[in-house]
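Below is one structure; the comments refer to it alone.
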2 protein chains.
Amino acid sequence: MHDPNQDKFERSCCPVANVLDLLGDKWTLLVVRDLVLGKSRFGEFSESPEAIPTNILADRLKRLEQSGIVMKAPYCRRPLRYEYELTERGRDLIPVLESMVVWAGKHLPGTQVFARYVRPVQDGSGG
Amino acid sequence: MHDPNQDKFERSCCPVANVLDLLGDKWTLLVVRDLVLGKSRFGEFSESPEAIPTNILADRLKRLEQSGIVMKAPYCRRPLRYEYELTERGRDLIPVLESMVVWAGKHLPGTQVFARYVRPVQDGSGG
DNA sequence: CAAGTAACTTGCAAAAAGCAAGTAATATGA
DNA sequence: TCATATTACTTGCTTTTTGCAAGTTACTTG
């Protein structure tokens, strides 16, 4: 009389619907993009040209961690600071990003894939 | 002094960002999914198990039309009624949906791709 | 001990989503 | 002819989410 598969999922058992429940907004996949490009810190995501608000960024990182797409790990004690990295689950999203890039390449002229991010070396010199 | 490429785009020239500006929410790609599966009428989209609210559906169809992903065409005069179909731009989104299905197949157990939709034949019999 | 840095958090206004009911233009049947 | 049904929306209102600016925490550096 009812589908027992249905109650396990928020909206339906459709794979697309369930991916959208995790990633379906204007910001989440941009954070994944930044991670793929080599960024890993809050401030680095925050500096991307789309200028994600910091409260939204904090929320999205938390959700990505909860859904196992991202892992949080300390990179510095005193003061305690965390950085983020993609899990396998997260890296497996690369084909989704790539298919979007292909579509944009054909239908959104002028778009350009961003270069890989390299963290600037901290200036250790005194002069 | 400034990037002339930047002002052509809402948030940045990143292909992913621009795809998300068109499709980045919980509903738009579900309408595209329904179109791919063979649905074409307002009522058909509306009956999908995710139960999109009708005002949201009307809004998304309008945006998809404005962005050239969907075309609206009359299928009945008296009363005038329209149906929707994917353009080439829209059909080119199939790989994006497919990559999501692949990811879900690996990471979201229990999800199942929906069957192609076939419109029920109208009952022409009198008994 | 003041100022700076990184990573958030908070408060509030504005925008978007969600829900239920309503409307328009017919077709159908009594 | 008139009530009922169908299809495709639209409207009004409440709730939720977003976006912006400012504040906080825990330090380090000069």
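So that the names make sense, note that chain A is the first sequence line, chain B the second, and so on, each numbered from 1.
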So, is A/Y75 near the phosphate of C/dA7, with a side-chain N or O under 4.0 Å from OP1 or OP2?
yes

Set of side chain to side chain donor-acceptor pair (under 3.5 Å) partners for A/E50, sequence neighbours left out:
A/R33, B/S12

To the nearest angstrom, the CZ-C1' distance between A/R81 and C/dA6 comes to 4 Å

Using the ring of B/Y117 (Phe, Tyr or Trp, six-membered ring only), decide whether B/K39 places NZ or CZ under 6.0 Å from its centre and within 45 degrees of its axis.
yes

Apart from B/F114 itself, its cluster of hydrophobic side chains linked below 4.5 Å comprises B/L37

Which residue pairs satisfy the side-chain hydrogen bond (donor to acceptor under 3.5 Å, both in side chains) criterion with at least one member in residues 87-109 of chain A, sequence neighbours excluded?
A/E88-B/K106, A/D92-B/K106, A/D92-B/H107, A/S99-B/S99, A/K106-B/E88, A/K106-B/D92, A/H107-B/D92

Considering only heavy side-chain atoms of B/R78, the closest of C/dA21, C/dA7, C/dA27 is C/dA27

What is the pairing partner of C/dC19, taking Watson-Crick or G-U wobble pairs with both distances under 3.5 Å in any strand?
D/dG12

Lys/Arg N to Asp/Glu carboxylate O, A/D25 vs B/K26, below 4.0 Å:
no

Between A/L80 and A/N55, the residue closer to the 5' end of DNA chain C by nearest nucleotide is A/L80

DNA chain C contacts made by residues 56-68 of chain B, counting heavy atoms under 4.0 Å:
B/I56, B/R60

Under 3.5 Å, is there a donor-acceptor pair between the side chain of B/E44 and the main chain of B/R41?
yes

Give the residues of residues 23-39 of chain B touching DNA chain C, defined as any heavy atom closer than 4.0 Å, sorted by residue number.
B/W27

Under a 3.5 Å distance rule, please check whether B/D59 uses its side chain to pair with a backbone N or O of B/N55 as donor and acceptor.
no

Atom-pair distance (CD on A/E47; C1' on C/dT5), nearest Å
12 Å

When the distance from CG of B/D21 to P of C/dA15 is rounded to whole Å, what number comes out?
17 Å

Between B/N18 and A/T111, is any side-chain donor less than 3.5 angstrom from a side-chain acceptor?
no

note: A/K72, atom NZ; C/dA6, atom P; distance rounded to Å ~ 17 Å

Start with the C-alpha distance between B/R119 and B/S40, add both sets of side-chain angles, then the distance that settles side chain to side chain donor-acceptor pair (under 3.5 Å), and finish with yes or no.
CA-CA 9 Å; B/R119 184 170 305 128; B/S40 63; 2.8 Å; yes

With a 3.5 Å distance limit and no angle check, can you tell me whether B/R116 reaches the backbone of B/V36 through a side-chain donor-acceptor pair?
yes

Donor-acceptor contact present, side-chain A/S67 to main-chain A/R63, <3.5 Å:
yes

How close or far is atom P of C/dA27 from atom CZ of B/R77, stated in whole angstroms?
13 Å

Which is the 5'-most and which the 3'-most nucleotide of DNA chain D that has an atom under 4.0 Å from a heavy atom of chain A?
D/dT18 to D/dT28

When we call it a touch if two heavy atoms are under 4.0 Å apart, what does B/F45 touch: a base, just sugar-phosphate, or nothing?
nothing

